[in-house]
Amino acid sequence: MKHILVLAPALALLAEPALANRVFVTNEKGNDVTVLDSDTLEVIGTYPVGNRPRGITISPDGTELYVCASDDNLVRVFDPNTMEELHTLPSGPDPELFVLHPSGNPLYVANEDDNLVTVVDVKTKQVLAEIPVGVEPEGMGVSPDGKIVINTSETTNMAHFIDTDTFEIVANVLVDSRPRFAEYNHDGTKLYVSAEIGGTVSVIDPATQEITKKITFEVPGVLPEAIQPVGVRVTNDGKKVFVALGPSNRVAVIDGETDEVKDYLLVGQRVWQMAFTPDEKYLFTTNGNSNDVSVIDVAAEEVIKSVAVGQQPWGVVVAPN
């Protein structure tokens with residue numbers, strides 16, 4: 001892919017302290033990534049990254065930024081400091097979401113069209129495995145110890161537990177309709193799986209693969225069909241769980257100990273994915289229909305700012321310190 005970088009923002013990136021609290025937002029219709037500074041909450045620049053970028057993540061050491069260029073059928077890898085493309089990785093067709101092993105290698109990619117999870121070595125750029133899963137695989141999660149990868153299949157309505165050593169499915173858990181995202185808490189004792197059409201989040205005990213609770217949502221004045229859970233994020237201490245509720249334009253705040261809903265925060269339109277800053281001071285949400293990012297003060301559980309980004313923001317990741 002040919003790159004045309006805007007010089008002024010590129011110089012601004014280079015002038016900033018390396019990777020200090022940068023927020024990277026994929027704009028699905030804009031075919032670019034908007035970069036924000038999480039201290040000033042201002043846009044640093046916007047950079048082309050390929051066609052229909054959706055999933056986005058960054059290496060644990062902060063040196064490589066991975067973008068699912070869905071319509072290019074590739075994962076494009078960028079230098080987060082300059083936003084210059086370094087190389088590409090094979091992804092299988094129509095990559096949408098992926099997750100890195102906690103060690104930084106390999107990368108596990110959901111291929112919705114082929115009902116596969118593709119495993120890619122990010123160093124050798126080779127496909128290690130193609131794992132058959134349910135129909136329309138979507139969400140990807142990984143256990144803190146890196147032993148299990150979770151894939152959610154939208155049409156099969158299952159969370160698939162995949163052994164990262166053997167690349168075999170070791171368990172399947174039936175959840176509610178159209179599961180979109182899977183997120184472990186940080187000690188690996190709970191797994192949260194959102195169901196967009198079912199309107200719930202299933203809380204799963206990873207040790208037994210049993211559902212221990214289903215979290216439901218009710219927002220005054222909002223039709224139930226507009227409450228569509230997608231992205232899930234859990235604080236490091238496990239005490240707070242945030243769930244993006246799609247076209248309801250709300251983020252649910254959940255007590256991570258009781259798994260009871262505490263509050264609903266009004267954000268932008270069609271809230272989709274979310275990411276914490278490393279210190280968990282802020283949580284950033286992508287709002288696809290209002291073309292902005294909402295900034296949530298995690299401690300206060302309040303939305304403090306909206307920042308305009310590109311066209312149809314989809315994914316978000318924050319660089320490590």
Please name all residues satisfying side-chain contact (heavy atoms from CB on, under 4.5 Å) with [X], sequence neighbours left out, ordered by chain then number.
| X | answer |
| --- | --- |
| His186 | Asn236 |
| Val99 | Tyr108, Met140, Val142 |
| Ala129 | Val119, Ile131, Phe167 |
| Gln126 | Thr124 |

Interatomic distance, [X] atom [atom1] to [Y] atom [atom2] [nearest 0.5 angstrom]:
| X | Y | atom1 | atom2 | value |
| --- | --- | --- | --- | --- |
| Phe217 | Ser194 | CZ | OG | 8.5 Å |
| Asn289 | Trp272 | CG | CH2 | 9.0 Å |
| Gln273 | Ile56 | CD | CD1 | 11.5 Å |
| Glu196 | Ser177 | CD | OG | 9.0 Å |

**OP:** Just do the side chain to side chain contact (heavy atoms under 4.5 Å, CB included) check on Arg270 and Trp314 with the steps written out, would you?
**Re:** CA-CA 10 Å; Arg270 204 217 67 172; Trp314 197 99; 4.2 Å; yes
Contact between [X] and [Y] at the side-chain level, heavy atoms closer than 4.5 Å - yes or no?
| X | Y | answer |
| --- | --- | --- |
| Val122 | Leu89 | yes |
| Thr152 | Val175 | no |
| Phe161 | Val149 | no |
| Tyr184 | Pro144 | yes |
| Asn115 | Pro137 | yes |
| Ile44 | Leu36 | no |

Judged by modelled atom types alone, do [X] and [Y] share a side-chain donor-acceptor pair under 3.5 Å?
| X | Y | value |
| --- | --- | --- |
| Ser103 | Asn105 | no |
| Ser153 | His160 | yes |
| Asn287 | Ser294 | yes |
| Thr26 | Arg54 | no |
| Asp176 | Thr200 | yes |
| Asp71 | Asn73 | no |

Non-hydrogen atoms of [X] and [Y] that approach each other most closely:
| X | Y | value |
| --- | --- | --- |
| Phe24 | Ala319 | CE1-CB, 4.0 Å |
| Pro320 | Pro278 | CA-CG, 4.1 Å |
| Val318 | Ile58 | O-CG2, 4.0 Å |
| Val271 | Leu245 | CG1-N, 3.6 Å |
| Ser91 | Asn111 | O-ND2, 2.6 Å |
| Phe98 | Tyr66 | CZ-O, 3.3 Å |

Which pairs pass salt bridge (Lys or Arg N to Asp or Glu O under 4.0 Å) with one or both residues in [range], sequence neighbours excluded?
| range | result |
| --- | --- |
| residues 111-120 | none |
| residues 128-152 | Glu138-Arg180 |
| residues 298-321 | Glu42-Lys305, Lys240-Glu301, Lys262-Glu301 |
| residues 199-211 | none |

Original post:
Stepwise, does the side chain to side chain contact (heavy atoms under 4.5 Å, CB included) test hold for Val243 with Tyr264?
Top reply: CA-CA 9 Å; Val243 180; Tyr264 298 99; over 6 Å; no
Identify whether [X] and [Y] are in the same connected component of the hydrophobic contact network (ILVMFWY, side-chain heavy atoms under 4.5 Å).
| X | Y | result |
| --- | --- | --- |
| Met274 | Val253 | yes |
| Leu97 | Val317 | no |
| Phe284 | Val309 | yes |
| Phe78 | Tyr47 | yes |
| Phe276 | Ile296 | yes |

Under the side chain to side chain donor-acceptor pair (under 3.5 Å) test, residues paired with [X] that sit two or more places apart:
| X | answer |
| --- | --- |
| Glu225 | none |
| Asn27 | Asp32, Thr34 |
| Thr88 | none |
| Asp259 | Lys190, Tyr192 |

Original post:
Does the distance from a Lys or Arg side-chain N to an Asp or Glu carboxylate O, for Asp121 and Lys125, drop under 4.0 Å?
Top reply: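 So Asp121 does not pair with Lys125 through a salt bridge.
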Subject >> Residue pair Thr277, Asn21: steps toward the side chain to side chain donor-acceptor pair (under 3.5 Å) verdict >> reply: CA-CA 7 Å; Thr277 51; Asn21 295 309; 5.8 Å; no
Original post:
Would Glu85 and Val77 count as a side chain to side chain contact (heavy atoms under 4.5 Å, CB included) if you check the C-alpha gap in whole Å, the side-chain angles of each, and the deciding distance to 0.1 Å?
Top reply: CA-CA 6 Å; Glu85 185 171 311; Val77 185; 6.0 Å; no
Original post:
In terms of heavy-atom contacts, does NZ of Lys281 have more than 12 from other residues, nucleotides or ligands at under 6.0 Å?
Top reply: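 12 or below, so no.
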Original post:
When you look at Glu260 and Lys213, which way does the salt bridge (charged side-chain N to carboxylate O under 4.0 Å, His left out) test go after all the steps?
Top reply: CA-CA 10 Å; Glu260 296 290 335; Lys213 183 166 185 171; 2.4 Å; yes
